[in-house]
Amino acid sequence: QVQLVESGGGLVQPGGSLRLSCAASGRIFSINNMDWFRQVQGKQRELVASISSGGNTYYADSVKGRFTISRDNAKNTVYLQMNSLKPEDTAVYYCNADVRTLYSSIFNDYWGQGTQVTVSS
């Protein structure tokens with residue numbers, strides 16, 4: 001009923017920038033938090049940044065001052081601007097959204113398919 005589609009990943013040199021986007025579509029009534037997670041093969045998925053429907057943000061210590069999360073509620077889209085990228089930022093990045101669908105009274109988590117970010121010279 002709800003699809004999250006990410007875009008914007010790719011290969012970038014250390015110190016470079018990328019902007020990830022994640023658009024939610026389907027029978028959406030409202031969205032609470034929208035998050036970005038990342039996962040390195042063999043390791044646990046970790047929360048990178050989160051933004052509430054009201055615009056409150058959270059960042060992991062490892063990305064504070066370098067990454068910026070934002071959202072466009074009219075488009076049901078969340079963004080992650082990543083600056084000063086480091087090799088250790090290399091991972092698959094996943095979008096997550098807490099969504100209430102039409103004709104439902106509860107919120108459920110939905111995930112995107114993931115987009116690869118590789119930081120290498």
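Keep in mind that the numbers below use all heavy atoms, side chains included, and drop hydrogens, waters and symmetry copies. This structure is a prediction, so every number in the text was calculated from the model and none was measured.
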Selection residues 57-91 - residue pairs positive for ring pair (Phe, Tyr, Trp, His ring centres under 6.0 Å), sequence neighbours left out | none
Mind checking whether Thr68 and Leu80 have side chains closer than 4.5 Å, heavy atoms only?
-> no
Could you walk me through whether Arg71 and Thr77 pass side-chain contact (heavy atoms from CB on, under 4.5 Å), step by step?
-> CA-CA 6 Å; Arg71 66 190 282 176; Thr77 299; over 6 Å; no
Going by the disulfide bond (SG atoms under 2.5 Å apart) test, which pairs reach into residues 4-113, not counting sequence neighbours?
-> Cys22-Cys95
Would you find a donor on one side and an acceptor on the other, under 3.5 Å apart, between the side chain of Glu6 and the backbone of Gly114?
-> yes
Evaluate side-chain contact (heavy atoms from CB on, under 4.5 Å) for Leu102 paired with Ile28, printing each intermediate quantity in order.
-> CA-CA 6 Å; Leu102 296 174; Ile28 297 170; over 6 Å; no
Which heavy atom of Ile31 sits nearest a heavy atom of Ala97, and at what distance?
-> CG2-CB, 4.2 Å
Roughly how far, to the nearest 0.5 Å, is the CH2 atom of Trp36 from the OG1 atom of Thr115?
-> 7.5 Å
Would you kindly confirm whether Tyr94 and Val119 end up in one hydrophobic cluster when ILVMFWY residues are joined by side chain heavy atoms under 4.5 Å apart?
-> no
Please name all residues satisfying salt bridge (charged side-chain N to carboxylate O under 4.0 Å, His left out) with Lys64, sequence neighbours left out, ordered by chain then number.
-> Asp61
Quick check: does any side chain N or O of Thr101 sit under 3.5 Å from a backbone N or O of Ser104, one acting as donor and the other as acceptor?
-> no
Could you name each residue pair satisfying salt bridge (Lys or Arg N to Asp or Glu O under 4.0 Å) that touches residues 94-121, not counting sequence neighbours?
-> none
Side-chain contact, heavy-atom cut-off 4.5 Å: Asp72 with Val78?
-> no
Those residues that, when tested against Asp89, pass salt bridge (charged side-chain N to carboxylate O under 4.0 Å, His left out) (two or more places apart) = Arg38, Arg66
State, yes or no, whether a side-chain contact exists between Leu85 and Leu18 at a heavy-atom distance under 4.5 Å.
-> yes
Are any non-hydrogen side-chain atoms of Ser120 and Pro87 less than 4.5 angstrom apart?
-> no
Students should find that the hydrophobic cluster of Leu11, defined by side-chain heavy atoms under 4.5 Å apart, otherwise consists of none
Partner set under side chain to side chain contact (heavy atoms under 4.5 Å, CB included) for Gln116, not counting sequence neighbours | Thr90, Val92, Thr118
With sequence neighbours excluded, tell me which residues meet side chain to side chain contact (heavy atoms under 4.5 Å, CB included) with Val5.
-> none
Please round to the nearest 0.5 Å and tell me the distance separating atom CG of Asn73 and atom OG of Ser53.
-> 7.0 Å
Measure the spacing between CD1 of Ile69 and CG of Asp35 and express it to the nearest 0.5 Å.
-> 6.5 Å
Could you name each residue pair satisfying disulfide bond (SG atoms under 2.5 Å apart) that touches residues 36-73, not counting sequence neighbours?
-> none
Under 6.0 Å from the CD atom of Glu88, do we count more than 12 heavy atoms belonging to anything else shown?
-> yes
Over all atoms of both residues, closest heavy-atom pair of Gln1 and Gln3 = C-NE2, 3.7 Å
Pairs in or reaching into residues 102-121: which pass ring pair (Phe, Tyr, Trp, His ring centres under 6.0 Å), with residues at least two apart or in two chains?
-> Phe37-Trp111
Tell me, please, which residues at least two apart from Asn83 pass side chain to side chain contact (heavy atoms under 4.5 Å, CB included).
-> Ser17, Gln81
Under the side chain to side chain contact (heavy atoms under 4.5 Å, CB included) test, residues paired with Ser105 that sit two or more places apart = none
